[in-house]
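Report on one structure; see the data block that follows.
Protein chains get the first letters and strands the later ones, always in sequence-line order, with residue 1 at the start of each.
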Number of protein chains: 2
Amino acid sequence: MSPMNDPHHAAPEVSGQELTALLHARGQRATPQRLVILRELRRRGEHSSADELRRSIQAELPGTSIPTVYATLDLLVELGLARRVDGGSGPALYDPRVDPHHHMICRRCGRVEDLDQSVDAESLLQAASDRGFAGESVDVVVSGICSSCAGT
Amino acid sequence: MSPMNDPHHAAPEVSGQELTALLHARGQRATPQRLVILRELRRRGEHSSADELRRSIQAELPGTSIPTVYATLDLLVELGLARRVDGGSGPALYDPRVDPHHHMICRRCGRVEDLDQSVDAESLLQAASDRGFAGESVDVVVSGICSSCAGT
DNA sequence: ATTGGTGCAAATCCTTTGCAATAGC
DNA sequence: GCTATTGCAAAGGATTTGCACCAAT
């Protein structure tokens with residue numbers, strides 16, 4: 001049941017069982033909330049806010065609290081299973097894609113879209129390092145107006 | 001596409017008198033708050049929050065309210081005289097530098113430092129355009145740990 | 001049985017809004 | 001004199017914190 005065998009990419013699709021293992025390795029617990037939130041974040045296939053996710057899992061896990069959703073999303077980011085995208089206005093959005101890509105954020109409606117266009121992250125990290133800054137990740141955001149907002 | 005419409009390439013040093021002219025051209029008023037906030041943002045020479053600026057101008061303009069500072073900073077960004085940097089946690093910071101450059105944000109202390117290292121903004125904007133997204137600006141943020149937090 | 005995690009409520013922080021009074025033009 | 005802009009107060013929204021109970025190991 002585990003056709004995934006690619007040690008060279010930060011697992012884009014860690015299964016529920018693998019999440020359980022990851023957590024146990026850190027002395028943490030595999031709760032239904034954690035498993036369901038990760039699954040739901042992926043199932044939605046878009047950039048979701050904490051509250052959207054909470055509503056999205058209501059049927060399956062009624063009563064899940066918003067602090068738990070935030071804590072779980074923080075944990076997923078820490079585990080490298082999600083990315084947090086800060087649009088500047090509105091709530092933070094969480095992205096199930098963890099492979100290198102960037103984002104376009106509409107300044108009118110706030111929607112976030114993926115952008116598969118690489119930048120030279122290496123030289124940015126090197127430049128940061130030269131200034132004594134230990135860079136860990138590079139986030140690129142193109143701000144502007146999305147097609148649906150421009151059309152209307 | 002007029003270059004006047006690109007906030008990241010606006011005149012790097014518009015004087016107080018020029019700010020007055022810019023405002024009048026838009027039917028807006030040159031208030032002491034606006035002139036002093038722009039001058040103070042530049043004098044501080046770092047990335048400042050709205051509240052830091054409010055405290056910073058207390059001696060000169062006592063009683064200046066926080067809504068006024070926010071409104072003024074929004075206006076300066078719109079005029080291309082400042083950039084807003086969203087770190088994701090903590091308040092938004094405003095940057096008096098409007099020429100092309102990027103940012104390093106410490107995830108421990110939240111401080112923002114400039115990074116003079118170019119990325120290929122043109123190809124990013126082109127890629128966005130290909131997807132129907134009218135990109136206006138590109139923001140690049142390197143997240144990590146700054147030298148002072150690294151405990152050198 | 002241990003102790004990490006959850007839900008609840010409330011707190012906190014940042015930013016915006018409504019409105020009467022003020023001040024720039 | 002107009003009316004844009006201000007200060008005040010309050011609202012609003014997002015996220016975090018404190019704590020008692022619960023449940024995964």
With B:R26, which residues qualify under salt bridge (Lys or Arg N to Asp or Glu O under 4.0 Å), at least two apart? B:E78
Which residues share a ring-ring contact (aromatic ring centres under 6.0 Å, His included) with A:H103, sequence neighbours left out: A:H47, A:H101
Using five pairs at either end of the helix from C:dA1-D:dT25 to C:dC25-D:dG1, determine the angle between the two local helix axes and round it to 10 degrees. 40°
Residues forming a side chain to side chain contact (heavy atoms under 4.5 Å, CB included) with A:A71, sequence neighbours excluded: none
Using a strict 4.0 Å threshold on nitrogen-to-oxygen distance, state whether B:E40 and B:R43 make a salt bridge. yes
Chain B contact limits on DNA chain C, taken 5' to 3' with a cut-off of 4.0 angstrom to heavy atoms: C:dC14 to C:dC25
Looking only at side chains, do B:R111 and B:S148 share a donor and an acceptor under 3.5 Å apart? yes
In residues 63-72 of chain B, which residues come under 4.0 Å of DNA chain C by heavy atom? B:P67, B:Y70
For B:S118, enumerate each residue passing the side chain to side chain contact (heavy atoms under 4.5 Å, CB included) test, keeping only those at least two apart in sequence or located in another chain. none
When every nucleotide of nucleotides 19-25 of chain D is labelled 5' to 3' by its protein contacts under 4.0 Å (heavy atoms), B for base, S for sugar-phosphate only, - for none, what sequence of letters results? ----BBS
Can you list everything that forms a side chain to side chain contact (heavy atoms under 4.5 Å, CB included) with A:T64? Sequence neighbours excluded, please. A:Q33, A:I57, A:L61, A:T68, A:V69
When you measure from every atom of DNA chain C, which of residues 102-114 of chain B have a heavy atom less than 4.0 Å away? none
Could you work out the complete set of other residues in the hydrophobic cluster of A:I145, with links drawn between I, L, V, M, F, W and Y side chains under 4.5 Å apart? none
Members besides A:V112 in its Ile/Leu/Val/Met/Phe/Trp/Tyr cluster (side-chain heavy atoms under 4.5 Å): A:V85, A:L93, A:I105, A:V141
